[in-house]
Amino acid sequence: MDEIITERPSNFIHDYIDEDLKNGVYDSIQTRFPPEPNGYLHIGHAKAICINFTTAQKYGGICNLRLDDTNPGKEDVEYVDSIIEDIKWLGFDYANAYYASSYFDFIYECAIKLIKMGKAYVCDLSADEIKEYRGTLTQVGKNSPYRDRSVEENLDLFERMTNGEFPNAARVLRAKIDMSSPNFNMRDPVIYRIAHISHHQTGDKWCVYPMYDFAHPLSDAAEKVTHSLCSLEFENHRPLYEWFLRELEIVPAPRQIEFARLNLNYCITSKRKCHYLVDNGIVSGWDDPRMATISGMRRRGYPAAAIRDFCDRIGVSKAYSVVDYGLLEACVRDNLNANSPRAMAVLDPLKVIIDNYPEGHTEEIEVEVNQDKPELGTRKVTFSKEIFVERDDFMIEPVKKYFRLYPGNEVRLKSAYFVTCTSFEQDESGKVTCLHCTYDPESRGGNSPDGRKVKGTLHWVSAVDNVKAEIRLYDRLFKVENPANDDATIDEYINPNSLTVLKDCLLEGGLRGIKPGDTFQFMRKGYYCVDKDSTGDNLIINRTVELNSSWK
RNA sequence: UGGGGUGUAGCCAAGGGGUAAGGCAACGGACUUUGACUCCGUCAUUCCGCUGGUUCAAAUCCAGCCAUCCCAGCCA
């Protein structure tokens with residue numbers, strides 16, 4: 001919404017680009033965001049999205065979306081749809097939506113070209129044998145016995161692979177590079193494998209699919225990408241990326257630059273673990289408000305601008321890091337504080353009877369929608385003899401520095417009147433059931449003409465005009481910052497109290513008719529967003545984030 | 001034990017020979033009809049991973065060391 005447009009901080013990627021521009025390597029800049037459609041986008045992707053789009057923006061270039069769909073067995077259109085929706089929601093307009101699969105013909109031609117150059121060969125070794133031949137960290141690999149097949153034989157075999165003559169895994173096409181390279185990626189990497197699987201975009205046209213290492217540089221080249229930004233784990237792949245482009249004489253070649261991926265403490269961003277959570281019903285779905293997915297955060301009420309701001313604030317570097325979740329929350333609070341209307345709500349109601357208020361009488365009180373933004377106008381709130389306040393806004397025996405309600409103490413009811421607690425009722429168990437107060441009719445609006453001050457201001461909801469709601473409080477889904485990698489133990493890291501449902505919460509009457517996606521600050525209680533599953537009969541409200549509180 | 005990266009405050013992160021930006025968190029205080037927000041102040045006085053070296057001057061250059069991350073998918 002009101003995103004403040006400021007100069008984005010410069011980073012090391014810009015230095016590389018400036019250098020390339022200065023050397024005349026490229027005329028204009030083009031980037032791409034290349035997710036594989038095998039899951040929903042999460043906050044880590046948001047960083048990559050922001051980096052790719054803002055880098056292109058900075059140089060007046062374009063950024064495309066490319067669905068990196070070279071492994072059909074794991075992919076699905078459900079994911080491509082969600083990816084497109086999430087990127088748009090984040091506020092980025094890609095110039096084009098492309099699919100790696102739309103380059104399959106081109107990539108295939110490149111493979112043929114490599115074979116003809118004697119730089120690629122069909123290998124009949126099994127997966128295990130290839131692994132064995134590849135060597136180890138300290139031991140060089142050895143050449144495949146099929147490495148020196150003739151160009152004619154390779155061409156014939158590769159064509160027959162493509163025609164579906166062989167079963168899955170029977171043969172692969174490999175680049176002929178160097179089995180003794182210290183970099184495993186250069187030890188004759190597999191570039192095409194047989195997979196008799198229908199592809200979500202190309203159907204049954206192909207039964208051989210290119211590997212990432214082969215498809216990626218060629219897809220970048222096909223799109224005229226100039227800077228291929230990716231995460232650190234692909235650093236070891238760069239020599240191979242460059243090898244393909246060099247051998248295939250692609251000029252100007254796109255340049256790969258790696259940056260550190262985002263790690264957020266208490267968050268799960270591993271796709272495998274996210275699938276585990278969804279598949280086992282531990283969360284309600286990919287958009288469960290506890291998930292670190294874009295859709296989960298959206299449902300939780302995080303504004304897109306806050307996520308963009310977060311990505312700006314964490315910076316871009318190559319250092320491994322774990323960002324504190326509190327920074328994301330700070331961004332969310334900053335945005336919501338500036339944009340959210342305020343309202344009153346009582347999550348745990350305690351009835352208050354104002355004994356000297358006329359029986360059956362009600363009045364309308366005008367309250368600012370946002371005190372800091374008078375231009376947003378006012379709303380009407382009903383005041384009546386019986387109201388509800390928050391249960392913890394009353395203490396029989398006040399602790400030190402407690403300045404809300406306790407017997408004999410006077411407080412202000414926000415925008416309404418000064419009230420003084422005169423007595424309280426309890427049930428057999430000792431639980432306070434009702435408060436009795438007297439009000440000062442002279443203090444309407446919240447100020448006393450005699451100038452006396454009160455230290456506490458309470459939020460309240462009328463007993464005769466309110467909206468009932470179910471409020472969901474979310475805590476961290478994970479207790480431990482970095483759960484172990486094996487799914488067998490992931491359960492022990494899950495916080496069973498990550499979701500608390502509060503029934504029978506009361507909102508001020510004016511909130512009747514609020515809709516999914518509406519966000520409010522319930523004063524002194526935090527920011528809240530109406531859930532997508534919310535209906536008029538069953539109002540479900542997610543707590544987006546708490547307020548900072550200096551009072552414990 | 002091979003190769004490729006990275007080490008600046010509790011957490012991110014600028015700075016690339018001239019005397020350590022900024023943000024989050026934290027801690028004081030002011031203000032407040034939200035204990036919010038806002039505002040003011042404090043927060044690396046040769047510990048810029050460590051040890052040496054070069055220099056008038058080093059977080060920045062050099063050497064060695066230490067720590068840590070990534071790589072042996074027909075995943076991306």
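Letters go in sequence order (proteins before strands), and every chain restarts at 1.
Minimum atom distance to the side chain of A:R134 is reached by B:G73, of the listed B:G35, B:C75, B:G73. Distance from the side chain of A:R342 is smallest for B:U34 among the nucleotides B:A76, B:A72, B:U34. Among the nucleotides B:C75, B:C12, B:G35, the one closest to any side-chain atom of A:K401 is B:G35. Listed nucleotides B:A76, B:C12, B:A36 differ in distance to A:V323; the shortest reach to its side chain belongs to B:C12. Distance from the side chain of A:E235 is smallest to B:G5 among B:C12, B:G5, B:C74. Distance from the side chain of A:A319 is smallest to B:U6 among B:U6, B:C37, B:A76. Nearest to the side-chain atoms of A:V322 among the listed nucleotides B:C12, B:A76, B:G35 stands B:C12.
As a whole-Å value, the separation of A:D213 CG from B:A76 P is 8 Å. Nucleotide B:U32 holds its C1' atom 10 Å from the NZ atom of A:K414, rounded to whole Å. The CD atom of A:E132 sits 17 Å away from the P atom of B:A72 (whole-angstrom rounding).
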Can you check nucleotides 65-70 of chain B for protein contacts, nitrogen or oxygen pairs under 3.5 Å, and list what you find?
residue, atom, partner, partner atom, Å
B:C70, O2, A:N236, ND2, 3.2

Could you go over nucleotides 22-24 of chain B and give all protein N or O partners under 3.5 Å, atom names and distances?
residue, atom, partner, partner atom, Å
B:G23, O2', A:R313, NH1, 3.3

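Using P as the reference atom, B:G22 and B:U45 are 15 Å apart when rounded to the nearest Å. For B:C50 and B:U68, the C1' atoms lie 14 Å apart once the distance is rounded to whole Å. Taking atom P on both nucleotides, B:C37 is separated from B:G15 by 31 Å, rounded to a whole Å. Nucleotides B:C74 and B:C11, compared at atom P, are 38 Å apart to the nearest Å. When the C1' atom is compared between B:A57 and B:G17, the two are found 8 Å apart, to the nearest whole Å.
We find that A:E36 and A:K74 are not joined by a salt bridge, their nearest charged nitrogen and carboxylate oxygen being 4.0 Å or further apart. Comment: A:R66 engages A:E223 in a salt bridge, judged by a side-chain N to carboxylate O separation of less than 4.0 angstrom. In summary, A:E508 and A:K414 do not engage in a salt bridge, as defined by a charged side-chain N under 4.0 Å from a carboxylate O.
Mapping A:L125 and A:G315 onto RNA chain B by nearest heavy atom places A:G315 closer to the 5' end of the strand.
Ring geometry, A:F12 versus A:Y16: the interplanar angle exceeds 60°, so the pair is classed perpendicular (tilted spans 30 to 60°). Relative ring orientation between A:Y212 and A:H237 is described as perpendicular, the plane-to-plane angle rising above 60° on a 0-90° scale split at 30° and 60°. Relative ring orientation between A:Y439 and A:F383 is described as tilted, the plane-to-plane angle lying within the 30° to 60° band.
Heavy atoms of A:R238 sit nowhere under 4.0 angstrom from any nucleic acid atom. If you check every strand for non-hydrogen atoms under 4.0 Å, A:N447 touches a base.
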>> Dot-bracket for RNA chain B, please. Rules: Watson-Crick or G-U, both distances under 3.5 Å, ( ) within the strand, [ ] when a pair crosses earlier ones, | for another strand, . otherwise.
In response: .(((((((.[[[..)..(...]]].(((((.......)))))......[[[[[..)....]]]]])))))).....
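Proximity of A:S550 to the phosphate of B:A36: a side-chain N or O atom is located under 4.0 Å from OP1 or OP2. Distances shorter than 4.0 Å separate some side-chain N or O of A:K131 from OP1 or OP2 on B:G73. Taking 4.0 angstrom as the limit, A:N548 places a side-chain polar atom (N or O) nearer than this to OP1 or OP2 of B:C37. In terms of phosphate contacts, A:Q371 brings no side-chain nitrogen or oxygen within less than 4.0 Å of OP1 or OP2 of B:C37. A sub-4.0 Å separation between OP1 or OP2 of B:U34 and a side-chain N or O of A:T457 is absent.
Taking the side chain as every heavy atom from C-beta outward, A:L347 and A:E390 approach each other to under 4.5 Å. The shortest side-chain heavy-atom distance between A:I294 and A:Y302 does not fall under the 4.5 Å cut-off. Counting only heavy atoms from C-beta outward, the side chains of A:V172 and A:I130 approach each other to under 4.5 Å.
Not counting sequence neighbours, the partners of A:F158 by the ring-ring contact (aromatic ring centres under 6.0 Å, His included) test are A:Y108, A:Y192. Residues satisfying the ring-ring contact (aromatic ring centres under 6.0 Å, His included) criterion with A:W243, sequence neighbours excluded, are absent altogether. Residues that satisfy the side chain to side chain donor-acceptor pair (under 3.5 Å) test with A:N236, not counting sequence neighbours, are absent from this structure. Taking the ring-ring contact (aromatic ring centres under 6.0 Å, His included) definition, one finds that A:F394 meets it with A:F424, sequence neighbours left out. In this view, A:K142 and A:Y133 satisfy the side chain to side chain contact (heavy atoms under 4.5 Å, CB included) rule, not counting sequence neighbours. A:N337 is linked by a side chain to side chain contact (heavy atoms under 4.5 Å, CB included) to A:R342, A:Q521, A:Y527, counting only residues two or more places apart in sequence or in another chain. Under the side chain to side chain contact (heavy atoms under 4.5 Å, CB included) criterion, A:C110 pairs with A:F106, A:F214, A:L218, A:L248, not counting sequence neighbours.
Taking the O4'-C1'-N9-C4 or O4'-C1'-N1-C2 dihedral as appropriate, B:G16 has a value within 90° of 0 and is therefore syn. Syn is the classification of B:G73, since its glycosidic angle stays within 90° of 0.
Aromatic ring centres of A:F234 and A:H216: separated by at least 6.0 Å. Two rings, from A:Y528 and A:F522, have their centers less than 6.0 Å apart.
Looking at residues 159-180 of chain A, you'll see A:A169, A:V172 sit with a heavy atom under 4.0 Å from some atom of RNA chain B. Less than 4.0 Å separates RNA chain B from at least one heavy atom of each of the following residues of residues 190-197 of chain A: A:V190, A:R193.
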